[in-house]
Amino acid sequence: MQSLHSSWNNKRTRLPPPIHLLGLALLLLPSLPSPTSSCTKQEKVSLLRFLEGLSQDSGLTASWRNDTNCCMWKGIICDADDAVKEISLASMSLEGRISSASLGNLTSMLSLNLSCNSLSGDLPEELLLSRSMVVFDVSFNNLNGDLHKLPSTTGRPMQVINISSNRFAGQIPSTTLESMENLVAINMSNNSFTGKIPSTICAKNHSFHIPVGLGSCSALRVLKAGHNKLTGTLPDELYNATSLEHLSFPNNRLQGALSPEYIVKSNNLVILDLAENELTGEIPANIGQLNRLEELHLETIILRGNSFHGELNNVNFSTLSDLKILDFMLNKFTGTVPESLYFCSNLIALRLSSNNFHGQFSPRLGNLKSLKFLSLTNNSFTNITNALQVLKSSWNLTTLLIGTNFKGEAMPEDETIDGYQNLQVLSIADCSLSGKIPHWLSKVKKLRELLLSNNQLTGPIPALTNYCPKLLNLGNNKFSGVIPMEIGHLKGLAALNLSFNNLHGEVPQSNCNLTNLRVLELSNNHLTGEIPAALENLHFLSFFF
Ligand SMILES: *[C@@H]1O[C@H](CO)[C@@H](O)[C@H](O)[C@H]1NC(C)=O
Ligand SMILES: *[C@@H]1O[C@H](CO)[C@@H](O)[C@H](O)[C@H]1NC(C)=O
Ligand SMILES: *[C@@H]1O[C@H](CO)[C@@H](O)[C@H](O)[C@H]1NC(C)=O
Ligand SMILES: *[C@@H]1O[C@H](CO)[C@@H](O)[C@H](O)[C@H]1NC(C)=O
Ligand SMILES: *[C@@H]1O[C@H](CO)[C@@H](O)[C@H](O)[C@H]1NC(C)=O
Ligand SMILES: *[C@@H]1O[C@H](CO)[C@@H](O)[C@H](O)[C@H]1NC(C)=O
Ligand SMILES: *[C@@H]1O[C@H](CO)[C@@H](O)[C@H](O)[C@H]1NC(C)=O
Ligand SMILES: *[C@@H]1O[C@H](CO)[C@@H](O)[C@H](O)[C@H]1NC(C)=O
Ligand SMILES: *[C@@H]1O[C@H](CO)[C@@H](O)[C@H](O)[C@H]1NC(C)=O
Ligand SMILES: *[C@@H]1O[C@H](CO)[C@@H](O)[C@H](O)[C@H]1NC(C)=O
Ligand SMILES: *[C@@H]1O[C@H](CO)[C@@H](O)[C@H](O)[C@H]1NC(C)=O
Ligand SMILES: *[C@@H]1O[C@H](CO)[C@@H](O)[C@H](O)[C@H]1NC(C)=O
């Protein structure tokens, strides 16, 4: 994205100085009549026509007056020649339609931003086909229609198109997009586009090979079309779009495998997000193999929620030194976690949950010093003692989710476990662990959520006064004894689940001090006595006894 911004900024700096400076100069010399001191009548007519189409203009009418220079109107920016160059009306609560033959007639307009309004109806085609527009953003509206009918164009300067989060349907308007040689970013996510990703959308521009449809993505850096209904495979031609930095198609119905060719060539790729599709096959072993002279910049790989399978050990992750986020959750990977992954020392978030990995945690996991989020839930890892020892020195770790592993093992009573200074969320739920709540947990001062439900933990519930959690789930264990009085000290507690244990005695009156409590589950114990009156008044108490 860095280079996207710089290229756009470079473009801007070549433009004349902004009009408000000029406008100020003219104000200081009011007696000098200037034939160029106003936008044209034609521009006013176009803008007023747009205004007419709005059913809710949020007071624009007061500013957009026919008898004033439209360069002074709210949201309008003119160039040095007093021609409208920019319309900036994002987040104005505008409603209604974008009238045709209105904004499309502004022949000097470089940038149109109508994002985050409630505009509906079709997108007038002359807007996307504008001969001047460079940046076009109508994201977050209710626009609809089928853009596929748009014709092919030539010589359009368009660089940035954001039509995301609308209700556009039909196929991706490939003919139009292909013909825009200057595109740097296309964001089409969160619409209802159907059909295949057009194969020509990013055909490489070989000087010796002019692809059908003139498609040339030599400049395209961002391509986002997530949250649509796209089908088919990732087109091979996409693999040649070597300028791509951000490729994002999550939540569609894409099928097929990742071509090995692809990863090798995408040496500019920073973000690859193909989550929640129907992709299969193995991760190409050459994911990190590169031309010796090139670096791989991949920072984010999200392949969550597909059907990828096979052993990741075939992949050498060690060349992906920039990797910050790796999300392989909900696939069918098997084998052990590859040791090469621990060379990715910049990893901040690693999620391998809901696969079929096995083995013990590698001591090298502790090498990931930047790791903040680690989820390995729902695999077949073993040795909880080792797991907790390995991770204790991960100082930056704030979230650790390792439940649904370690089936039937014993919770270590190992007092040499210390560390976890920054841990806020810990889940070791659903492991059928025996043993007690370990004492070292009381030293984890920042813990806000502790989930140990669905184990076989026994013994009394510790006073917990040092734990300070917001969410405490100890449900479905074998805890015995009484609910400790001190639980009332946990003023911040929002949810407490002690159900399905062997607790007896009365619900302590001190529980009434839990003024932030919203969920309290105490069912299926042997508790006696009355519900403390104050608890009955807790409005958000969702479940009791
Ligand atoms: C704006 O004013 C001009 C005269 O200055 C007039 O001809 C035109 O009809 C007006 N347009 C609108 C939309 O009121
Ligand atoms: C806008 O331009 C079209 C032709 O490009 C023309 O037919 C139409 O009258 C113009 N609209 C206005 C409001 O000037
Ligand atoms: C449009 O405006 C919104 C709100 O100010 C902003 O977040 C967005 O980046 C703008 N779009 C472009 C393409 O600059
Ligand atoms: C629309 O996408 C463009 C290009 O990626 C981006 O610059 C802009 O900020 C986005 N607009 C919003 C409102 O997020
Ligand atoms: C694309 O649009 C989505 C909203 O629909 C937004 O969250 C995202 O930031 C946009 N991406 C870029 C790169 O602008
Ligand atoms: C998708 O778009 C709708 C409006 O069309 C919006 O309400 C919703 O927040 C968007 N979702 C995302 C993930 O951007
Ligand atoms: C291919 O790229 C070159 C230089 O980047 C450019 O001059 C040429 O017009 C492009 N050809 C096509 C078909 O886009
Ligand atoms: C991709 O580029 C290579 C040359 O680098 C070329 O041989 C191949 O045909 C291209 N593939 C596609 C699908 O365009
Ligand atoms: C992985 O790649 C690194 C760097 O290229 C290399 O040193 C190492 O030997 C490779 N490991 C394997 C198992 O191939
Ligand atoms: C935490 O992560 C940062 C980088 O995000 C790193 O500079 C720092 O050394 C890490 N802290 C520890 C104690 O490892
Ligand atoms: C489990 O891990 C601990 C600590 O690393 C180690 O001492 C023990 O031998 C391991 N147990 C098994 C069965 O490998
Ligand atoms: C509950 O609150 C009362 C008054 O706020 C205080 O005196 C009492 O010590 C608290 N009890 C517990 C167990 O925290």
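Each residue takes its place number in the sequence, starting with 1.
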Item to check | Verdict with reasoning, N166 to N141, per side chain to side chain donor-acceptor pair (under 3.5 Å) | outcome: CA-CA 5 Å; N166 279 285; N141 279 286; 4.7 Å; no
Next on the checklist: Between L527 and H504, is the side chain to side chain contact (heavy atoms under 4.5 Å, CB included) condition met? List the steps.
Outcome noted: CA-CA 4 Å; L527 299 170; H504 67 266; 5.6 Å; no
Checklist entry - Could you go step by step and tell me if V337 and F361 meet the side chain to side chain contact (heavy atoms under 4.5 Å, CB included) rule? => result CA-CA 8 Å; V337 177; F361 288 12; over 6 Å; no
Checklist entry - Does the side chain to side chain contact (heavy atoms under 4.5 Å, CB included) test come out yes or no for L279 and L254, once each step is laid out? => result CA-CA 6 Å; L279 299 167; L254 302 176; 4.1 Å; yes
Item to check | L244 vs L223, side chain to side chain contact (heavy atoms under 4.5 Å, CB included): CA-CA, chis, key distance, verdict | outcome: CA-CA 8 Å; L244 270 179; L223 178 58; 4.0 Å; yes
Item to check | Stepwise side chain to side chain donor-acceptor pair (under 3.5 Å) check, S345 with N367 | outcome: CA-CA 7 Å; S345 56; N367 289 1; over 6 Å; no
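Partner of I461 under the side chain to side chain contact (heavy atoms under 4.5 Å, CB included) criterion, chosen from N477, L472, L503, V482: L503. When each of N191, N190, N142 is tested with S165 by the rule side-chain hydrogen bond (donor to acceptor under 3.5 Å, both in side chains), just one qualifies, namely N190.
Of all heavy-atom pairs spanning L177 and M188, the tightest one is CD1-SD, 4.2 Å. The two atoms that bring L298 and I301 nearest to each other are CD1-CD1, 3.8 Å, heavy atoms only. Contact between L374 and L365 at its shortest, heavy atoms only, is CD2-CD2, 4.2 Å. Between L247 and L269, the closest heavy-atom pair is CB-CD1, 4.0 Å. Taking both residues in full, the closest heavy atoms of F406 and A387 are given as CZ-CB, 3.8 Å, listed atom of the first, atom of the second, then distance. Nearest heavy atoms, P484 versus P508: O-CG, 4.2 Å.
Note that the OG atom of S353 and the CG atom of D327 stand 7.0 Å from one another [nearest 0.5 Å]. In this structure, SG on C431 lies 8.5 Å from CD on E409, to the nearest 0.5 angstrom. Distance check: K372 NZ to S394 OG gives 13.5 Å after rounding to the nearest 0.5 Å. For the atom pair CD (Q456) and OG (S434), the distance works out to 8.0 Å, reported to the nearest 0.5 Å. Taking CG of L341 as the reference point, atom CZ of F317 lies at 5.5 Å (rounded to 0.5 Å). One finds the CD1 atom of I483 at 7.5 Å from the CG atom of L496 (value rounded to the nearest 0.5 Å).
Between the N396 side chain and the L371 main chain, no donor and acceptor come within less than 3.5 Å of each other. Panel note: side chain D418, backbone W440; no donor-acceptor pair is recorded below 3.5 Å. The backbone N or O of N331 sits less than 3.5 Å from a side-chain atom of N355, completing a donor-acceptor pair. In this structure, N356 contributes its side chain and F333 its backbone to no donor-acceptor pair below 3.5 Å. Although no hydrogens or angles enter the test, the distance criterion places no donor-acceptor pair under 3.5 Å between the side chain of N422 and the main chain of L397. Under the 3.5 Å distance criterion, the side-chain polar atoms of Y420 are matched with a main-chain donor or acceptor of L388. Looking only at distances, no side-chain donor or acceptor of S318 sits under 3.5 Å from a matching main-chain atom of F343. Looking only at distances, no side-chain donor or acceptor of S523 sits under 3.5 Å from a matching main-chain atom of S499. Looking only at distances, no side-chain donor or acceptor of S139 sits under 3.5 Å from a matching main-chain atom of S164. At least one donor-acceptor pair under 3.5 Å links the side chain of N455 to the backbone N or O of L433.
Contact annotation: the side chain of I428 approaches that of I384 to within less than 4.5 Å [non-hydrogen atoms, C-beta and beyond]. Using a 4.5 Å heavy-atom threshold, the side chains of L347 and Y342 count as separate. Side-chain contact between D137 and V160 is absent, with no heavy-atom pair separated by less than 4.5 Å.
Residues passing the side-chain contact (heavy atoms from CB on, under 4.5 Å) test with N405, sequence neighbours excluded: N379, F381. Listed by chain and residue number, K229, T231, E278 satisfy the side-chain contact (heavy atoms from CB on, under 4.5 Å) test with R253 (two or more places apart in sequence, or in another chain). For E299, the salt bridge (Lys or Arg N to Asp or Glu O under 4.0 Å) criterion is met by K324, not counting sequence neighbours.
Checking S354 against N378 by side-chain atom types alone, a donor-acceptor pair falls below 3.5 Å.
Electrostatic pairing of R304 and E276 counts as a salt bridge here, judged by a charged N lying under 4.0 Å from a carboxylate O. With salt bridges taken as basic N to acidic carboxylate O contacts below 4.0 Å, one links E339 and R364.
The environment of K407 atom NZ is dense: over 12 non-hydrogen atoms of other residues, nucleotides or ligands sit within 6.0 angstrom.
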